Structure formats: C-alpha cells, structure tokens
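Structure first, commentary second.
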Amino acid sequence: MGNVKKKPAEIPFSERVYAAVRRIPAGEVASYGDIAALLGTPRAARGVGWALNALDGDSSVPWWRVINKRGAISIRHPDVSPRVQRALLEDEGVEFDENDCVDWAKVRWIPEELAGNG
C-alpha cells in the first residue's frame, strides 16, 4: 500500500510546496506566487511563505530560492537573517542590484509546464 500514488488534492499543501521548491535549480529563483501558481493555487502565495517558514533548520528544501514578487528577499523567520538567504543565493551565482533585487529575466525559474513546453 505504501506505493499507492496520491492525487495532488490528497497531498498536504506544505508537502506540495516543498516538492515544487526542490525543483528550482541552483542559481535560479521563483516567487512565492510562482510556486502557488505551479501548484494550481495562484492566490496562495502567503501559504507558500508559511509552509517554507515552518521548515526545520536541517531541511533539504532549498527555501532560499524563493523570494518576493519584487525580486527581493522578504524572509520573516526568527532564526534566519535575510543576509543568510542573500549569501546562499550569491553563492549560487544570483546577483542583486543596488535596490537589493534580482533581475527576473536572468534568474527566474520557469518550469516547463508553465512555460508552455510541457
């Protein structure tokens, strides 16, 4: 029974968020809204943020690759500084401009199913 594939509606929202975020390649980013849209819940950007905020510190989910729609870091976790998220992104080659924003045209991850290729 453990091999029974669950339908997306049967998988908890947070687990769907984590699966989507794990797909973001190093050096690319997505917005909270991008992840929500990918999950078929385009108005659930805040829920994406809450799910990522709930992660354990030793999680394998690359949470730092999710930023706000302006292209800026908007982390609100009490144990993690925005400088940590920026450093992790910069280590992957993501650059920030003078307004502390990324260039979406250079680093936005667009999965095949949203790009019209899938």
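For the numbers below, each heavy atom of this structure counts, side chains included, while hydrogens, waters and symmetry mates do not. Predicted, not measured: the structure shown is a model, and the values here were computed from it.
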Quick one: are [X] and [Y] in side-chain contact, heavy atoms under 4.5 Å?
| X | Y | result |
| --- | --- | --- |
| Trp109 | Leu38 | yes |
| Leu89 | Val107 | no |
| Val17 | Trp50 | no |
| Phe13 | Val48 | yes |
| Tyr18 | Leu55 | yes |

Could you check Gln85 against Ile67 for side-chain contact (heavy atoms from CB on, under 4.5 Å), going step by step and ending with a plain yes or no?
CA-CA 9 Å; Gln85 185 174 11; Ile67 58 178; 3.8 Å; yes

Side chain to side chain donor-acceptor pair (under 3.5 Å) pairs touching residues 31-43, sequence neighbours excluded, are Ser31-Asp34, Asp34-Arg108

Can you measure from CG (Asn53) to CH2 (Trp63) and round to the nearest 0.5 angstrom?
10.5 Å

Reported CZ-to-CD1 distance for the pair Arg16 and Ile11, which is rounded to 0.5 angstrom
7.5 Å

Which atom pairs, donor and acceptor, lie under 3.5 Å between side-chain atoms of residues 22-29 and protein residues at least two apart or in another chain?
unit_1 : atom_1 : unit_2 : atom_2 : d
Arg22  : NH2    : Ser60  : OG     : 3.4
Arg23  : NH1    : Glu113 : OE2    : 2.8
Arg23  : NH2    : Glu113 : OE1    : 3.2
Arg23  : NH2    : Glu113 : OE2    : 3.3

N/O donor-acceptor pair under 3.5 Å between Trp64 side chain and Val84 backbone:
no

When you measure from the side chain of Glu90 to the backbone N and O of Phe96, does any donor-acceptor pair fall under 3.5 Å?
no

Mind jotting down which residue pairs meet the salt bridge (charged side-chain N to carboxylate O under 4.0 Å, His left out) criterion with at least one end in residues 57-67? Sequence neighbours excluded, please.
Arg65-Glu92

Counterpart residues, salt bridge (charged side-chain N to carboxylate O under 4.0 Å, His left out), relative to Glu15 (two or more places apart):
none

Please list, chain by chain and in numerical order, all residues satisfying salt bridge (charged side-chain N to carboxylate O under 4.0 Å, His left out) with Asp103, sequence neighbours excluded.
none

With sequence neighbours excluded, tell me which residues meet side chain to side chain contact (heavy atoms under 4.5 Å, CB included) with Ala72.
Asn68, Arg70, Cys101

Can you list the residues that meet the side-chain hydrogen bond (donor to acceptor under 3.5 Å, both in side chains) rule with Asp100, with sequence neighbours excluded?
Arg86

Which pair of heavy atoms, one from Ala44 and one from Ala36, lies closest together, and at what distance?
C-CB, 3.7 Å

